[in-house]
Amino acid sequence: MRSPPSILNAGASLLLFQILGLTIPLLTLPFVARALGVAEFGKVMLAQAIVFFGVLFLDAGFNTEAQRRIALAGNQAQRFCILFQNLVSRSLCALPIAALVVAFSFFFKDIPTSYVLVALLHIVGTLAFPQWWLIGNDLSLAMGLASVGGRLLAAALTLILVRTPDDGLVAVLAASSGTAWAGLLVAPALYKKWKPLGAVVTLYGWRAYFLAVRPTILSGFFSSATASIPSIFLGWVSGIAQVGLFTAADRLTRATAHLVGVVEQSMMGPLARAEKQSLDAGHALRKKLLGFLALAMALGCVAVALAAPEIVQLIYGDKFAPVAQLLRLLCVWLWLFSMRRAGLLFTWSSRGDLKAVARFQWFEAICVTVFSIVGTLWAHAVGLAVGLIAGEVVLILVLCFALRTEGKSI
């Protein structure tokens, strides 16, 4: 069993790659915002948020359990079987999900359908780049290099082609291509590892895999979809300008939440193996990992909140000055969200209790949606940020209560 320091070192190296990968699009974000203006920037962000529903459906309900299985697999052939089972299951869902996403976009008169169609490249990328599998196989270096390379190519397209408010469609294309590029870059390495095992790797287990993860497919989707629902509802109620302001802050905190989430998932495999050997060892490791995450996230969130006006001025300029207040509020949300997600991953998910995960995810979807709607109706973008914070407080309390009721603890 790997020791906590080795797990944290592996998590730190993975975090470094994730920071590099996410810093690249964040550096291009102010360039896009300034070139397009608040209204057109809001359209681009909203189109991506709509397509992100499809990405979440193909990721949220499938990959967490697959990564747990990878951690417990006995050999490389079994790991490749899990990869193909996951890929076949998600690919069969991809086409109808893409059609539903496009149909849903017709409810938004301000968003050109062409923006949504081009943004579907996100779905292609999430199928082509098996980040979860690379992490579970301790191939973080290959994953990190491909991820950074893909984002560099996408950033290059953005910097070269996006110049005026008329370049919104090009901005969508460039922003949506990063993961697809990463999939192309990592494909030769995957093929090289798979080729010697091709004779023993089968696809026939995908039905059993699909049935196993079925309880969390819809619940995982609706749970994760709460990342896009706030912006979409804000656009309905308050207009594109409010979406542009909120998204400017939300993109910064969501990017951080994503990279922290990747690190949290990388820790789930060692924790699952530790719990399989000894419940006491698993409990001790869980406490150490949660303590480390809580301290690191608190220090980072406080630093960003204190420097929020300077960060917003540097990145977005004077027109986005109201974003500073939103960024401070969302820093509070970021800490609560990261700790709540870690609590869920390190308990029910690492134990393979998918029914408990599904129940909580359904509650999460309802809770966050309700608080987002109430907050938006109350005070537009600021109210939405406050609503997200209130929702996370409720979710943390419910998670702790549910675990104690079962006789377990975080």
Side-chain angles (χ1 to χ4, degrees), residues 21-22 24-25 28-29 32 36 40-63 86-132 146-147 149-158 161-162 166-187 217-218 220-222 224-233 235-236 240 243 247 250-251 254-255 258:
L22 289 172
I24 295 165
T28 62
L29 193 64
V32 174
L36 299 181
E40 191 66 23
F41 179 73
K43 292 180 183 180
V44 172
M45 294 298 104
L46 192 53
Q48 291 191 77
I50 292 170
V51 171
F52 200 54
F53 276 121
V55 174
L56 290 173
F57 186 91
L58 298 174
D59 268 351
F62 292 94
N63 291 350
N86 175 279
L87 181 59
V88 171
S89 299
R90 293 194 298 153
S91 296
L92 291 173
C93 296
L95 189 58
I97 289 302
L100 288 173
V101 165
V102 174
F104 180 64
S105 70
F106 292 142
F107 289 98
F108 299 85
K109 296 180 180 179
D110 293 333
I111 308 300
T113 304
S114 59
Y115 283 27
V116 177
L117 290 172
V118 170
L120 290 176
L121 189 56
H122 272 304
I123 291 180
V124 176
T126 197
L127 293 174
F129 185 49
Q131 178 174 278
W132 61 272
S147 179
R151 284 171 170 80
L152 281 173
L153 290 170
L157 288 175
T158 301
L161 300 176
V162 178
D166 295 328
D167 296 329
L169 184 62
V170 177
V172 175
L173 173 63
S176 305
S177 66
T179 310
W181 286 120
L184 289 174
L185 291 173
V186 81
I217 292 176
L218 285 178
F221 162 68
F222 282 108
S224 299
T226 54
S228 296
I229 287 174
S231 297
I232 291 173
F233 187 75
W236 255 330
I240 290 296
V243 173
T247 306
D250 187 57
R251 275 301 176 97
R254 292 282 177 186
H258 171 74

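Start at 1 with the first residue, then count along the sequence.
Here the side chains of Ser91 and Leu127 are in contact, with some heavy-atom distance below 4.5 Å.
For Pro112, the side chain to side chain contact (heavy atoms under 4.5 Å, CB included) partners are Ser114, Tyr115, not counting sequence neighbours. Partners of Leu120 by side chain to side chain contact (heavy atoms under 4.5 Å, CB included), not counting sequence neighbours, listed by chain and number: Val51, Ala98, Val101, Val102, Leu117, Ile123.
Shortest non-hydrogen contact noted between Val116 and Ser105 is CG2-CB, 3.5 Å. Counting all heavy atoms, side chain and backbone alike, Cys93 lies closest to Leu58 at CB-CD2, 3.8 Å. A pairwise comparison of heavy atoms in Leu185 and Gly150 identifies CD1-N, 3.7 Å as the closest pair. Ala47 and Ile111 get closest at one heavy-atom pair: CB-CG2, 4.0 Å.
Here the CG atom belonging to Leu157 is positioned 11.0 Å from the CG atom belonging to Leu152, to the nearest 0.5 angstrom.
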What donor-acceptor contacts under 3.5 angstrom involve side-chain atoms of residues 168-183, with partners at least two apart or in another chain?
residue	atom	partner	partner atom	Å
Ser176	OG	Val172	O	2.7
Ser177	OG	Ala174	O	2.9
Ser177	OG	Trp181	NE1	3.4

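Each salt bridge (charged side-chain N to carboxylate O under 4.0 Å, His left out) pair with one or both residues in residues 86-97, not counting sequence neighbours, appears once here: Asp59-Arg90. Residue pairs meeting the salt bridge (charged side-chain N to carboxylate O under 4.0 Å, His left out) criterion with at least one partner in residues 42-57, sequence neighbours excluded, are Glu40-Lys43.
Side chain of Thr126 to backbone of His122: no donor-acceptor contact under 3.5 angstrom is found.
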Can you check side-chain contact (heavy atoms from CB on, under 4.5 Å) on Phe41 and Leu29, steps first, answer last?
CA-CA 10 Å; Phe41 179 73; Leu29 193 64; 3.7 Å; yes
Assess the residue pair Val32 and Thr158 against the criterion (side-chain contact (heavy atoms from CB on, under 4.5 Å)); give the C-alpha distance rounded to whole Å, side-chain angles, the decisive distance to 0.1 Å, and a yes or no.
CA-CA 8 Å; Val32 174; Thr158 301; 3.4 Å; yes
